[in-house]
Amino acid sequence: MSEKNNNYGVLLVNLGTPDEASPAAVKRFLSEFLHDQRVVDMSRWLWCPILHGVILPIRSPKVAKLYQSVWMDEGSPLMVYSRRQQRQLAEVLQVPVELGMTYGNPSLASGLESLKQQGCHKVLVLPLYPQYSQTTTAAVFDKVAKVLKSHPEIPELRLVHNYFDHPEYIGALAESVTEFWDSHGKPDYLLCSYHGIPKRYADNGDPYPQHCNGTTALLAEKLGLPREQMSMSYQSIFGREEWLKPYTEQTISELAQKGIKRLDVMCPAFSVDCLETLEEIAEQCRETFIEAGGKEFNLIPCLNDNPAHIAMMAQLVRQNTQGW
């Protein structure tokens, strides 16, 4: 079904990535990311000296080396897969689809400007975060509003809040798992690892953990897996305060110690493979599992640009642009 002649466009949004795998590029990216009060809500007078005096100088070279280990010929994995998603979604919908990153390039401002130049008076903002969090989806909303502050005329806007329980999203996840198992056999255990957030954010009303629980429960039901063969955890913990538990690395170690010999891990909160899946999970967590006594460890790839994922995105767009 063609969507032609509708004067709307889609701004596809992901978190962002450094322009290159160098310490300077990583430092620029991390600086913008970690300055966002949605991400780190400490007072600026306390946080900024720590960020610029300690965190950025120490972490940037280390993180750059990690990026170098996963960098693809075409660039950062997150950017490569996001560009593929953008092109394929535009092809399916036959409407303008632009890519914008909350941090780094291409910016949200450039994406919105490009849609404006293409005559889009209505814009659907589609953050590729299935589970809502103030640190991700709300940060997109803030940035879009900030960009449009300087525009004399703003487009009519709609924003996809979440899709953690969307049937086509759950179906796409289940399909990716079963396809992986058809090729590699079934594991002893399946772990769903989600990006963590500070527990304090959830205590103050962020619904992220409920959304993660919802996705995991629906996926277990779709796969027909008993919950003793499947659970969830949170990764990418940073700083000293308590984050949502259980933590992924600790969970993986405990599973190996309990006698799980083959463990498969998937990351349903990530719409594309990136540093956090390809390095943190596939490399660091594999090492943790083997050292704790496990035998075989697999990362089930993110949905990336597979056809079921693109079809789900197209359905999300159609549902959220009704009446346009």
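The residues of the chain are indexed from 1 along the displayed sequence.
In this structure, a donor-acceptor pair under 3.5 Å is present between the side chains of Ser76 and Thr17. A side-chain N or O of Gln118 and one of Ser114 form a donor-acceptor pair less than 3.5 Å apart. A donor-acceptor contact under 3.5 angstrom links the side chains of Gln257 and Ser253, judged on distance only. Inspection of the Gln131 and His195 side chains reveals no N or O donor paired with an N or O acceptor under 3.5 Å.
For the salt bridge (Lys or Arg N to Asp or Glu O under 4.0 Å) test, no residue two or more places apart in sequence or in another chain qualifies with Glu156. Residues meeting the ring-ring contact (aromatic ring centres under 6.0 Å, His included) test with His151, sequence neighbours left out: none. Residues satisfying the side-chain hydrogen bond (donor to acceptor under 3.5 Å, both in side chains) test with Gln284, not counting sequence neighbours, are Glu279. Take Arg84 and apply the side-chain hydrogen bond (donor to acceptor under 3.5 Å, both in side chains) test, not counting sequence neighbours, and it matches Glu74. Residues meeting the side-chain hydrogen bond (donor to acceptor under 3.5 Å, both in side chains) test with Glu280, sequence neighbours left out: Gln235, Ser236. Listed by chain and number, the residues in a ring-ring contact (aromatic ring centres under 6.0 Å, His included) with His52 are His35 (sequence neighbours excluded). With sequence neighbours left out, Gln37 forms a side-chain hydrogen bond (donor to acceptor under 3.5 Å, both in side chains) with no residue at all.
A salt bridge is absent between Lys222 and Glu175: the closest approach of a Lys/Arg side-chain nitrogen to an acidic carboxylate oxygen does not fall below 4.0 angstrom.
In Glu153, the CD atom is not crowded: 12 or fewer heavy atoms of neighbouring residues, nucleotides or ligands sit closer than 6.0 Å. Heavy atoms of other residues, nucleotides or ligands lying less than 6.0 angstrom from CD of Gln68 number more than 12.
With rounding to the nearest 0.5 Å, the separation of CG in Leu30 from CG in Leu56 is 6.5 Å. From Thr288, atom OG1 reaches atom CD of Glu283 across 11.5 Å, with rounding to the nearest 0.5 Å. For the atom pair CD1 of Ile300 and SG of Cys267, the computed distance is 9.5 Å after rounding to the nearest 0.5 Å. Note that CG of Leu124 is 9.0 Å distant from CG of Leu11, once rounded to the nearest 0.5 Å. A distance of 12.0 Å separates NZ in Lys261 from CG in Leu263, rounded to the nearest 0.5 Å. Of the inter-residue distances, the one linking Leu225 atom CG with Thr216 atom OG1 reads 12.0 Å to the nearest 0.5 angstrom.
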For Val317 and Tyr8, what are the C-alpha separation, side-chain angles and deciding distance, and is it a side chain to side chain contact (heavy atoms under 4.5 Å, CB included)? CA-CA 11 Å; Val317 171; Tyr8 78 83; 3.9 Å; yes
Walk me through whether Thr251 and Ser233 qualify under side-chain hydrogen bond (donor to acceptor under 3.5 Å, both in side chains). CA-CA 7 Å; Thr251 300; Ser233 58; 4.6 Å; no
Take Thr215 and Leu173 through the test side chain to side chain contact (heavy atoms under 4.5 Å, CB included) and record every step on the way to the result. CA-CA 10 Å; Thr215 296; Leu173 289 175; 3.9 Å; yes
Between Ile55 and Trp47, does the side chain to side chain contact (heavy atoms under 4.5 Å, CB included) criterion hold? Intermediate values first, please. CA-CA 10 Å; Ile55 293 172; Trp47 173 241; 3.2 Å; yes
Using the rule given for side chain to side chain contact (heavy atoms under 4.5 Å, CB included), can you reason through Leu159 versus Thr137, listing the C-alpha separation, both sets of side-chain angles and the distance that settles it, and then say yes or no? CA-CA 9 Å; Leu159 177 135; Thr137 310; 3.9 Å; yes
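Minimum heavy-atom separation, Pro77 to Cys274: CB-CA, 4.4 Å. The shortest heavy-atom contact between Tyr163 and Pro127 is CE2-O, 3.8 Å. Here the closest heavy-atom approach between residue Arg262 and residue Asp188 is recorded as N-OD2, 2.8 Å. Looking at every heavy atom in both residues, Arg83 comes nearest to Pro106 through NH2-CG, 3.6 Å. The two residues Tyr189 and Ile260 make their nearest non-hydrogen contact at CB-CG2, 3.9 Å. The minimum heavy-atom distance linking Ile252 with Cys285 is given by the pair CD1-CB, 3.5 Å.
Ser82 is listed as a side-chain neighbour of Val272, based on a closest heavy-atom distance under 4.5 Å. When side chains are defined from C-beta on, His309 counts as touching Gln85, because their heavy atoms get closer than 4.5 Å. Under the 4.5 Å side-chain criterion, counting only non-hydrogen atoms from C-beta, Ile281 is in contact with Ser193. Between Ser176 and Glu179, every side-chain heavy-atom pair lies at or beyond the 4.5 Å cut-off. Under the 4.5 Å side-chain criterion, counting only non-hydrogen atoms from C-beta, Leu219 is in contact with Met230. With contacts defined as side-chain heavy-atom distances shorter than 4.5 Å, the pair Pro301/Phe180 qualifies. Using a 4.5 Å heavy-atom threshold, the side chains of Leu223 and Leu190 count as touching. With contacts defined as side-chain heavy-atom distances shorter than 4.5 Å, the pair Val147/Glu113 does not qualify.
Placement of Leu93 and Leu115 in two distinct hydrophobic clusters is found when ILVMFWY residues are connected by side-chain heavy-atom separations under 4.5 Å, directly or transitively. Linking ILVMFWY residues whenever their side-chain heavy atoms come closer than 4.5 Å, directly or via other members, leaves Leu157 and Leu316 in distinct clusters. Clustering ILVMFWY residues whenever any of their side-chain heavy atoms sit less than 4.5 angstrom apart, transitively, puts Met101 in a cluster other than the one holding Phe33. With hydrophobic clusters built from ILVMFWY side chains whose heavy atoms lie under 4.5 angstrom apart, Phe164 does not share a cluster with Met266. The hydrophobic cluster containing Leu303 also contains Val160, counting ILVMFWY residues as joined when their side-chain heavy atoms lie under 4.5 angstrom apart, directly or transitively.
Identified under the salt bridge (charged side-chain N to carboxylate O under 4.0 Å, His left out) test for residues 19-28, with sequence neighbours left out: none. The salt bridge (charged side-chain N to carboxylate O under 4.0 Å, His left out) analysis of residues 91-109, with sequence neighbours excluded, yields no pairs. Within the structure, salt bridge (charged side-chain N to carboxylate O under 4.0 Å, His left out) contacts touching residues 35-47 (residues at least two apart or in different chains) are Arg38-Asp142, Asp41-Arg200.
The hydrophobic cluster containing Tyr201 also includes Tyr194, Ile197, Tyr208, Met232, Tyr234, Leu244, under a criterion of side-chain heavy atoms closer than 4.5 Å among ILVMFWY residues, counted directly or through chains of members.
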Taking only distance into account, with no hydrogens and no angle test, what donor-acceptor pairs under 3.5 Å do side-chain atoms of residues 290-299 form with protein atoms, sequence neighbours excluded?
from: Glu296; atom 1: OE2; to: Asn298; atom 2: ND2; distance (Å): 3.2
from: Asn298; atom 1: ND2; to: Asp264; atom 2: OD1; distance (Å): 3.0

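A donor-acceptor pair is defined here as one N or O able to donate and one able to accept, closer than 3.5 Å; no such pair exists between the side chain of Thr321 and the backbone of Trp324.
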